[in-house]
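Structure record follows, encoded as C-alpha cells.
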Amino acid sequence: MISLKNPAQIAKMRDAGKILREVEDEVRAAIRPGVSTAELDALAEKLIRKNHAIPSSLHYEGYPCSICASINDEVVHGIPSAKRILREGDIVSIDCTLVLDGWQADSAFTSGVGEISEADAKLIRVTEECFWKGVRQCIAGNRLGDVGFTIDSHARKNGFTAIREFTGHGIGREMHEDPAVYNYGDPGRGLRLRRGMTLAVEPMIAMGDWHLSVDDDGWCARTVDHSRCAHYEHTIAVTEDGLPEILTLPGFVWGAEE
Ligand code: MF3
Ligand code: CO
Ligand code: CO
C-alpha cells in the first residue's frame, strides 16, 4: 500500500532529512586512510542522537549498527567493524537512515579513500549522475519505469551495470514502504507517480556484472565478479507542484544539481 504524504508530513520528513545531511557530511569528512568503519559508525550514531533522532538501521531485522559501510566490491549492508580499516585507493559507500519524531530519512553516498583511480572516480561520478537523471523523471504523471530505465541506460552507456537485487523504496513512517523503485525498467510502464509520494531513489552501480552474493554474516552483499560498486541515495518527495524535492539535500534548487 502506498501512503501519500501531505505538506505538513513532508515538512517533518524535511526536518529529518536536514539532520541526516549534517550527519553524513560529517561522516564523509572523517573518511581517510587508517580510519575503521566502526569509528565512522560510532560517529554517525553520536551525531544522530545529539540531534534527538534515532538510528533506524540499528536493530532493524537484527542489523547491529547505525550505518552500512560497504567497501570496494561490497554493494550494500557492509557491517562496520574495528577490523575494517580503510586504505588508500579504497572506495566506501556509507548508507544511513534515521528517524526524527516518527519520520524517516535515508541517504547514501560513495567516497574515495585518499587518492583513487580514474576508473573508480568515474564509477562514483556516473552513479551520482544516474541518481540525478533518474530523479529528474520523478515528476507527477511519469511512471516508475521511466525512472528505472533512465538509471539503467546511463549506467550501460558508461559500460557499467545497475544492481537488480536491491531497489529504492517508498519511505515515510517506515524506512521501507511501497513501492519498490527499480533501477531498471521500461519507459512508460509501471506505477504512475503522484503528488505526495515520498521515495528513496538509490542507484547501486557495478563496474562489472550486477549479480550479487551475500556473505556468511547474512548481510554484506558483494558482486560475484568482485567488481567495485558505488551507491548514491536521497529521500525525495513529489511535491504539490508535481516536481521532486530532495529532502536529504536541504536548500537544493533545480538547476544547480550537476
Ligand atoms: N539504508 C538502507 C536502504 O537504503 C537500509 C538499511 S538496511 C539495515 O534501504 F539493515 F541496515 F537497516
Ligand atoms: Co539507505
Ligand atoms: Co533506501
Side-chain angles (χ1 to χ4, degrees), residues 2-3 5 13 16-17 19-25 27-28 37-38 40-45 47-48 53-71 74-81 84 92-100 103-111 124 127-128 130-131 134-135 138 144 147-148 151 162-184 197-206 212 214-222 229-237 244 246-249:
I2 293 164
S3 80
K5 282 79 177 178
M13 292 181 68
I19 292 172
L20 180 56
R21 180 80 281 112
E22 288 170 15
V23 170
E24 290 204 331
D25 285 352
V27 172
R28 187 193 275 275
T37 53
L40 300 177
D41 180 62
L43 173 64
E45 180 172 6
L47 295 168
I48 290 167
I54 298 165
S56 314
S57 297
L58 188 61
H59 310 313
Y60 177 84
E61 293 183 5
Y63 188 78
C65 292
S66 298
I67 62 169
C68 301
S70 309
I71 304 169
E74 300 169 4
V75 180
V76 286
H77 304 163
I79 299 178
S81 162
R84 300 302 304 278
V92 61
S93 300
I94 304 293
D95 187 1
C96 186
T97 314
L98 60 75
V99 58
L100 179 75
W103 293 93
Q104 303 275 347
D106 186 5
S107 176
F109 64 89
T110 300
S111 171
I124 293 170
T127 302
E128 294 185 14
C130 284
F131 169 85
V135 90
C138 293
L144 282 180
V147 181
I151 290 170
I163 300 298
R164 296 181 168 231
E165 296 173 42
F166 292 97
T167 69
H169 47 91
I171 179 168
R173 287 210 169 267
E174 305 293 333
M175 171 161 66
H176 292 143
E177 298 183 356
D178 289 337
V181 180
Y182 290 90
N183 290 314
Y184 61 93
M197 281 186 182
T198 46
L199 304 171
V201 178
E202 50 179 312
M204 291 152 265
I205 307 296
L212 307 182
V214 175
D215 286 2
D216 288 341
D217 65 15
W219 282 103
C220 182
R222 66 179 75 236
C229 192
H231 186 191
Y232 194 70
E233 173 178 35
H234 283 294
T235 298
I236 70 138
I246 319 296
L247 299 174
T248 43
L249 216 47

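This chain uses plain numbering: 1 for the first residue, then up along the sequence. Atoms within each ligand, like the ligands themselves, are counted from 1 in listed order.
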Measuring from Ile54:CD1 to Thr97:OG1, what's the distance to the nearest 0.5 Å? 13.5 Å
Can an N or O of Glu202 be found at a distance shorter than 3.5 Å from an N or O of ligand 1? yes
Point-to-point distance, once rounded to the nearest 0.5 Å, from CG of Leu212 to CZ of Arg164: 12.0 Å
Cation-pi check, Arg28 to Phe109: give yes when NZ or CZ is under 6.0 Å from the six-membered ring centre and within 45° of the ring axis, no otherwise. yes
Examine all N, O or S atoms of His169, backbone included, and report whether one is under 2.8 Å from the Co ion (ligand 3). yes
Considering non-hydrogen atoms only, spot the tightest contact between Cys96 and Ser66 and give its length. SG-O, 3.8 Å
Would one find an N or O of Tyr63, backbone or side chain, under 3.5 Å from an N or O of ligand 1? no
Could you tell me whether some N/O pair between Tyr60 and ligand 1 is separated by less than 3.5 angstrom? no
With a cut-off of 2.8 Å, how many protein N, O or S atoms neighbour the Co ion (ligand 2)? 4
Heavy-atom contacts under 4.0 Å between Cys68 and ligand 1: side chain, backbone, both, or neither? side chain
Residue from Val181, Asp106, Val76, Ile163 passing side-chain contact (heavy atoms from CB on, under 4.5 Å) with Glu202: Asp106
Ligand-side contact atoms (ligand 1) for residue partner Glu233, heavy atom cut-off under 4.0 Å: 4 (O)
For ligand 1, which atoms have a heavy atom of His176 less than 4.0 angstrom away? 3 (C), 5 (C), 9 (O)
Is there any N or O on Asp106 that sits under 3.5 Å from an N or O of ligand 1? yes
Pair His234 and Phe131, ring centroids less than 6.0 Å apart: yes
To which protein heavy atom is atom 2 (C) of ligand 1 closest, and what is the distance rounded to 0.1 Å? Asp95 OD2, 3.2 Å
Identify the closest protein heavy atom to atom 6 (C) of ligand 1: which residue and atom is it, and at what distance? Ser57 OG, 3.8 Å
Test of proximity, His77 against ligand 1: N or O pairs below 3.5 Å: no
For Ser56 and ligand 1, does the shortest N/O to N/O distance drop below 3.5 Å? no
Going by the rule salt bridge (Lys or Arg N to Asp or Glu O under 4.0 Å), which residues pair with Asp217 if we only count those two or more places apart in sequence or in a different chain? none
Interatomic distance, Ser57 atom OG to Ile48 atom CD1 [nearest 0.5 angstrom]: 8.0 Å
Is the side chain of Glu177 donor-acceptor paired with the backbone N or O of Glu174 at a distance under 3.5 Å, no angle test? yes
May I ask you to check whether Tyr182 and His169 place their ring centers less than 6.0 Å from one another? no
Given Ser81, Pro55, Cys68, Cys65, the one that forms side-chain contact (heavy atoms from CB on, under 4.5 Å) with Asp41: Cys65
Do me a favour and list the nearest non-hydrogen protein atom to atom 10 (F) of ligand 1 with residue, atom name and distance? Trp219 CZ3, 3.2 Å
Supply the atom-to-atom distance Cys138 SG to Met197 CE, rounded to the nearest 0.5 angstrom. 10.0 Å
Kindly say whether His231 contributes a backbone atom to a donor-acceptor pair with the side chain of Thr110 at under 3.5 angstrom? yes
So, regarding Thr97 and ligand 1 (criterion: nitrogen or oxygen to nitrogen or oxygen, under 3.5 Å), is there a contact or not? yes
